[in-house]
Amino acid sequence: MPELPEVETVRRGLEKLILGKKISNIDIRYPKMIKTDLQEFQKEMPGQVIQTMGRRGKYLLFYLSDKILISHLRMEGKYFYYPDQVPERKHAHVLIHFENGGTLVYEDVRKFGTMELLAPELLEAYFISKKLGPEPTEKDFDLGSFKLALKKSKKPIKSHLLDQTLVAGLGNIYVDEVLWRAKVHPSRTSNSLTAQEARKVHDETINVLGQAVEKGGSTIRTYTNAFGEDGTMQEFHQVYDKAGQACSRCETIIEKIQLGGRGTHFCPKCQRRK
DNA sequence: CCCGGGGCCTGGCCGC
DNA sequence: TGCGGCCAGGCCCCGG
């Protein structure tokens, strides 16, 4: 469930902790999560220095001396940095030990997360092959292209926004929040949106994700653990996980339906199907 | 090409 | 109390 804001929060956290550190060795306890060649991963990682931390959509990027480590947290991936002693943890799948004695541990209860080691010159092609859309910023997220893509599709707008091709970074929580703010019903087909509605969805995507980054992401009780550290964006959620509660705009009871297999929250009055 | 659904995973939670 | 079955969902892949 980490969406763009949570991944960005992790990126900023790691930037403070591991920049300049040299990897001494790696301990891979769940090899299936390494999606590129395992032998090469084990051979190439030791000796690399963490140069910078990056992010593209929900992908976390470790810029190493001469490789890029692409890490996707999927549902429940988390990183913990231990300066010296590493506690034994049931769901620790990859341990990255540094020469200074510190260790970065990747933990993931559901084991959905992935890691890939790539040559830097292949990064651009990697995201193109995934059809990953633009970053949700004024600079990158072009309104004209967005409207054009919507016009060509009969997909429900929510499913379309989730597929990462129109814009990168929305997940199931923020997409519901964006559509509530834009007053658009999640089942509406993409091509049924008016120009004004398309612009509103575009703008609110930038607003919601931007605000969520500022708030350090959302801390949702998943199981026992929280992700995203001290995020407070959940205090601003208006529909996600609010079924049965009153809409803050019109007092109508928030509904929850299944759409494209996803739990979907919306206000039946503010977000009319038309 | 598009769309829908299954698979990957585990643990919380519900109902019997 | 115990346990089976359902649910959570990002992304990939397959079949129609």
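So you know, we letter chains A, B, ... as the sequences are listed, proteins then strands, and number each from 1. Remember, predicted model here, so these are calculated numbers, not experimental data.
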By salt bridge (charged side-chain N to carboxylate O under 4.0 Å, His left out) - contacts of A:E235 (at least two apart): none

Whole angstrom value for the distance that separates C1' of C:dG9 from CD1 of A:I173: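 Atom-to-atom, A:I173 to C:dG9, this comes out as 10 Å.
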
Atom pair distance, as rounded to whole Å: CG in A:D108 and C1' in B:dC8: 11 Å

Of all pairs that satisfy salt bridge (Lys or Arg N to Asp or Glu O under 4.0 Å), the ones with a partner from residues 115-131 of chain A, not counting sequence neighbours: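 Residue pairs with at least one partner in residues 115-131 of chain A: there are none.
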
Greater than 12 external heavy atoms within 6.0 Å of A:K21's NZ: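 Yes, because the 6.0 Å sphere around NZ of A:K21 holds more than 12 heavy atoms from other groups.
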
A:K147, NZ atom: more than 12 neighbouring heavy atoms under 6.0 Å: yes

Qualifying side-chain hydrogen bond (donor to acceptor under 3.5 Å, both in side chains) pairs with a residue from residues 250-263 of chain A, counting only residues at least two apart or across chains: none

Connected via hydrophobic side-chain network under 4.5 Å: A:Y30 and A:I26: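 Linked, A:Y30 and A:I26 end up in one cluster.
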
Sugar-phosphate only, base, or nothing, as touched by A:K256 at under 4.0 Å among non-hydrogen atoms: sugar-phosphate

Check: B:dG11 base within 3.5 Å donor-acceptor of A:R110 side chain: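 Flag unset: no donor-acceptor pair detected.
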
Donor-acceptor pair under 3.5 Å, A:R262 side chain vs C:dA8 base: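 When only heavy-atom distances are counted, A:R262 does not reach the base of C:dA8 through any donor-acceptor pair under 3.5 Å.
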
Watson-Crick or G-U pairs under 3.5 Å in DNA chain C, rendered as dot-bracket with [ ] for crossing pairs and | for another strand: .|||||||.|||||||

Neighbours of DNA chain C within residues 32-41 of chain A, by heavy-atom distance under 4.0 Å: none

Hydrophobic cluster partners of A:I68 (side-chain heavy atoms under 4.5 Å): A:Y59, A:L61, A:Y63, A:I70, A:L118, A:L122, A:L123, A:Y126, A:F127, A:L132

